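Reading through the C-alpha cells given below for one structure.
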2 protein chains.
Amino acid sequence: MTKEQHRVTLEDVAREAGVSIMTVSRVMNNTGRISEETRTQVRVVAERLGYRPNRAARTLVTKRTMLIACIMPDITNPYFAEILQGVEDTAWQEGYNVLLMNTNENPDREYAVLSQLDDSTVDGVIACSSRISDEQLIPLLRKHPAVVTINRVLPKDVGSIVLSQRHIGHRAVLAAKYLYQTGRRRIGYLQLVRGSSSFTSFDFVKTLEAEGITIDPAWCRRCPPVWKAGYEQGKMLLEEHPELEAVVGGNDLVTLGLMRAAIELGRKIPDNLALVGADDILISSQVTPPLTTFRMDKYEIGAMASRLLLLRMQGDYTYREMFFPEELVIRGTT
Amino acid sequence: MTKEQHRVTLEDVAREAGVSIMTVSRVMNNTGRISEETRTQVRVVAERLGYRPNRAARTLVTKRTMLIACIMPDITNPYFAEILQGVEDTAWQEGYNVLLMNTNENPDREYAVLSQLDDSTVDGVIACSSRISDEQLIPLLRKHPAVVTINRVLPKDVGSIVLSQRHIGHRAVLAAKYLYQTGRRRIGYLQLVRGSSSFTSFDFVKTLEAEGITIDPAWCRRCPPVWKAGYEQGKMLLEEHPELEAVVGGNDLVTLGLMRAAIELGRKIPDNLALVGADDILISSQVTPPLTTFRMDKYEIGAMASRLLLLRMQGDYTYREMFFPEELVIRGTT
DNA sequence: TAGTTTTGAGTTAGCGTTATCCGATACTGA
DNA sequence: TCAGTATCGGATAACGCTAACTCAAAACTA
C-alpha cells in the first residue's frame with residue numbers, strides 16, 4: 001500500500017452523508033444530541049468509506065494521546081516482563097496503548113529516554129525500578145501530569161508508588177536472617193548495581209550487625225542485574241571466599257548465575273552452600289535444586305501501577321502508595 | 001504538576017526571540033537557510049523557555065508519528081522478550097519509539113489490536129508470530145504503509161519477512177529425525193496451538209512417514225504455547241502413552257513443562273525419555289538435565305525486523321526476506 | 001395561543017506545527 | 001553600474017479534528 005492514497009476524513013463522510021462535519025464527529029464520539037436516524041445514516045456512510053479518525057488531529061485538540069510510557073530496565077528479565085504484561089493488559093482494557101521504553105539497565109539510556117519524553121507524547125508515565133538518581137529522575141518526571149513509580153520512593157507530589165518491599169534492602173536482610181536461623185553463619189551478598197540504589201552492602205552489614213549477625217564486608221559484591229554477571233561475580237566471590245556458607249542474591253537471575261558457578265566449583269547445594277533469590281521467576285522453580293526465593297504477584301504490581309496511573313490521568317492526584325507483600329518460598333537451596 | 005500550565009509553543013519562542021514562527025521551526029528542525037547568528041539566538045531562547053515541539057501538531061502536518069507498533073504473542077516468554085529487545089533497541093537508535101501490543105496468545109485480542117491500529121497511529125507495524133489466519137491478518141496489515149512480519153510468510157506485497165525456520169514445522173521434523181538417529185522410535189509431538197499455524201501434527205506424521213519414520217498420530221498433542229499447558233498436556237500424553245521414547249516440543253517453554261511432568265512421573269531423562277525443545281531460552285540451559293534445543297539469535301531477529309521496517313518506512317518497498325539459521329544444540333535431554 | 005423548553009444540527013474558531021510561496025537584502029561578475 | 005543569483009526569513013494556508021456557541025424547528029406548558 002503506497003502512501004499516496006487519500007485519507008478519508010470527517011469532511012468526506014459529512015459530504016457523502018449530507019450532514020455537517022460536527023454531526024459526524026458527534027456520531028463518532030457518541031457525544032451530543034443526534035437523532036437515531038442521522039446517527040445510523042452517518043455510521044453507514046463512515047463504515048462504507050472506511051473512515052478512521054486521525055489520532056494526531058484528535059490529540060491536537062483534546063490534548064490526550066491515549067498513550068502511556070512504560071520505562072523498564074530489562075524486559076528479558078522475566079520479573080520485568082511479567083510486570084509489563086500487567087501494565088499493558090490493564091492499560092489496554094482502558095483504551096490506552098503502551099509506549100515501551102526498555103533501557104537495558106543503562107542509566108544513560110534511561111536519562112535520554114526520559115528527556116525525550118514529554119506530555120505531548122504520552123498522557124502518563126510508569127517508571128519501573130528506575131536506575132537513575134533522584135536528582136536526575138525527579139525533574140524529568142515532574143514534566144508529566146501523571147506519574148507512577150514501581151519500586152522507587154519519590155516525593156509524594158511526583159506521583160503514586162507501587163512497592164514490592166517495604167524498604168530497599170529489606171528483602172536481603174530478611175533472607176540473611178532466615179539463613180542465620182537455619183544455621184549458616186558466613187553469609188555473602190550479591191548486591192545489585194544500579195545508579196540509584198541507596199541501599200548498599202554497607203547497610204546490609206550494619207543492619208545485620210544490629211540483629212547480632214556479623215557479616216564480613218569482603219563477602220559482599222556489587223553485581224549488574226543479569227545472569228552472566230551473577231555467574232562471573234559469583235565465581236570470583238566463591239573462589240576468593242571458600243568459607244562462605246550462604247549467599248543472598250539481589251534478584252533471581254544473578255542468584256541463578258551464582259548457583260551455576262557454585263555447581264561448577266563443586267559446591268553441593270544446599271549442604272555446602274545455601275542460596276536465596278529475590279523475585280521468584282519461573283526458571284527459579286525449575287532448576288535443580290529449586291531456588292528459595294521471595295514470591296510476589298508481579299503481574300498485579302504492573303496492573304496496579306496502570307490503575308494508579310489511570311486515576312491520576314483522570315485528574316485524581318491523590319497520592320497513593322500500594323505495598324505488595326512478598327513471601328519467602330523455601331525450596332531446595334536452603 | 002497540574003494540567004493547567006501554559007505549553008510553550010513556537011509562537012512564544014518566536015515572540016521572545018523577535019523572529020517569525022517559521023524561523024523558529026526551521027531552527028528546531030535544522031532545515032532551510034538560517035544565519036548562524038539567528039540560529040543560536042533562537043536556540044538560546046528556546047532552551048530558556050523550555051520549548052518542546054508538540055508531537056501531535058507535528059504529526060498532523062508531516063504525517064509521521066515516529067512510532068512503530070510491535071505485536072507480540074507473549075512477552076513473558078523469553079523468546080519473544082529477546083526479539084522485542086532487538087526491535088526496540090534498533091528502533092530507538094533511529095529515533096522511533098515502540099508501541100507494544102502484547103496479545104497474550106489470544107487471537108481475538110490480536111485481531112482487536114490490529115483493527116484499532118491505523119496509519120495515523122504508527123508509521124509501521126512489526127507482527128511477530130501472528131496467531132490469526134491469513135484471511136484476517138492480510139487485510140489488517142494492508143492498511144499500513146510499512147509492515148514486517150516475523151515467523152510468518154505472507155504475500156510479498158504486504159511486507160518484508162524475517163524467519164527463523166525455513167518452513168513452518170521444519171524444526172519439529174529435524175528434531176524428530178535427530179531423535180530417530182539416536183535410536184528413538186516412538187516419538188511424540190507437542191504441537192503449538194495457534195489460530196494460524198498451517199503446519200499440523202498431520203503434516204508432522206506425513207512428512208516423517210516420507211522419511212521412513214512412523215509416528216502414531218495418537219502421540220501428537222496440541223498445546224497452548226505456555227509452560228503450564230506443556231506440563232498438563234505432557235502429563236496426559238505420557239500417562240496415556242507410556243510407550244513414548246521421545247517427545248518434540250513446539251517451544252522450549254512447553255518442552256520444559258513436559259519435562260517437569262515426566263520427572264514427576266518417574267521418567268529418567270534422557271534414558272527413559274528424550275526431549276527436544278525449540279528456541280533455546282536461558283532457562284533451557286539451566287535446568288537439569290539441560291535441554292537439547294535449537295539455538296538462534298533472537299535479538300538479531302528483532303533487530304533485523306526493525307531494520308527492514310525502517311527501509312519500508314523510508315519508501316523502499318523492495319520485498320526482503322531474511323532467514324536466520326538455527327542450530328541444534330545437543331545437551332542433556334537426548 | 002403565546003411563551004418556554006427541548007432537541008437536533010450547523011457555524012466558527014482554533015489546537016501547534018510545517019510546506020510552500022514570496023520578498024528583501026547582499027553578493028557576484030561583466 | 002546593473003542585471004543576475006544566492007542567502008535569509010516572513011506570510012499564508014493547510015493538516016483533521018473538537019469545543020463552544022448559535023439557532024431554527026419541534027414540542028411542550030399554562
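Only a predicted model underlies this, so the values are computations on that prediction, with no experimental measurement involved. Proteins come first, then strands; the chains are lettered A, B, ... in the order of their sequence lines, and each starts at number 1.
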Query raised in the report: 5'-most contact on DNA chain D: Arg39(B) or Val61(B), nearest heavy atom basis?
Result: Arg39(B)

Kindly point out which of [options] is positioned nearest to the side chain of [X]?
X        : options                   : value
Thr9(A)  : dG10(D), dC17(D), dC8(D)  : dC17(D)
Arg58(A) : dG16(D), dT18(D), dG10(C) : dT18(D)
Leu10(A) : dC17(D), dT17(C), dT7(C)  : dC17(D)
Arg26(B) : dT18(D), dT17(C), dC21(C) : dC21(C)
Ala57(A) : dG16(D), dC8(D), dT11(C)  : dG16(D)
Arg33(A) : dT20(C), dA19(D), dT7(C)  : dT7(C)
Ser20(A) : dT11(C), dT18(C), dT18(D) : dT11(C)
Leu60(A) : dT18(D), dC15(C), dT12(D) : dC15(C)

Just how far, in rounded Å, is [atom2] of [N] from [atom1] of [X]?
X         : N       : atom1 : atom2 : value
Ile21(A)  : dG14(C) : CD1   : P     : 17 Å
Asn29(B)  : dG16(C) : CG    : C1'   : 13 Å
Met22(A)  : dA13(C) : CE    : C1'   : 12 Å
Arg15(A)  : dG16(D) : CZ    : C1'   : 13 Å
Glu36(A)  : dT7(C)  : CD    : P     : 14 Å
Asp119(B) : dG16(D) : CG    : C1'   : 13 Å
Gln41(B)  : dC8(D)  : CD    : C1'   : 15 Å
Arg64(B)  : dG16(D) : CZ    : C1'   : 19 Å

Is [X] touching bases, backbone alone, or none of the nucleic acid, heavy atoms closer than 4.0 Å?
X        : answer
Thr31(A) : nothing
Arg52(B) : sugar-phosphate
Ile34(A) : sugar-phosphate

Query raised in the report: Is there a salt bridge (charged side-chain N to carboxylate O under 4.0 Å, His left out) between Arg109(A) and Asp89(B) once you walk through the steps?
Result: CA-CA 10 Å; Arg109(A) 170 126 171 224; Asp89(B) 278 1; 2.9 Å; yes

Between [X] and [N], does any side-chain N or O lie under 4.0 Å from OP1 or OP2?
X        : N       : answer
Asn54(B) : dC15(C) : no
Ser35(B) : dG9(D)  : yes
Lys63(A) : dT18(D) : no
Thr38(A) : dA9(C)  : yes

Query raised in the report: Side chains of Glu321(B) and Ser160(B): donor-acceptor distance under 3.5 Å anywhere?
Result: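 Absent: no donor and acceptor within the cut-off.
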
Query raised in the report: Side chains of Thr121(B) and Asp118(B): do they bring a donor and an acceptor to under 3.5 Å?
Result: yes

Check this for me: does any side-chain nitrogen of one of [X] and [Y] sit under 4.0 Å from a carboxylate oxygen of the other?
X         : Y         : result
Arg142(B) : Asp157(B) : yes
Arg152(A) : Asp134(A) : yes
Arg7(A)   : Asp12(A)  : no

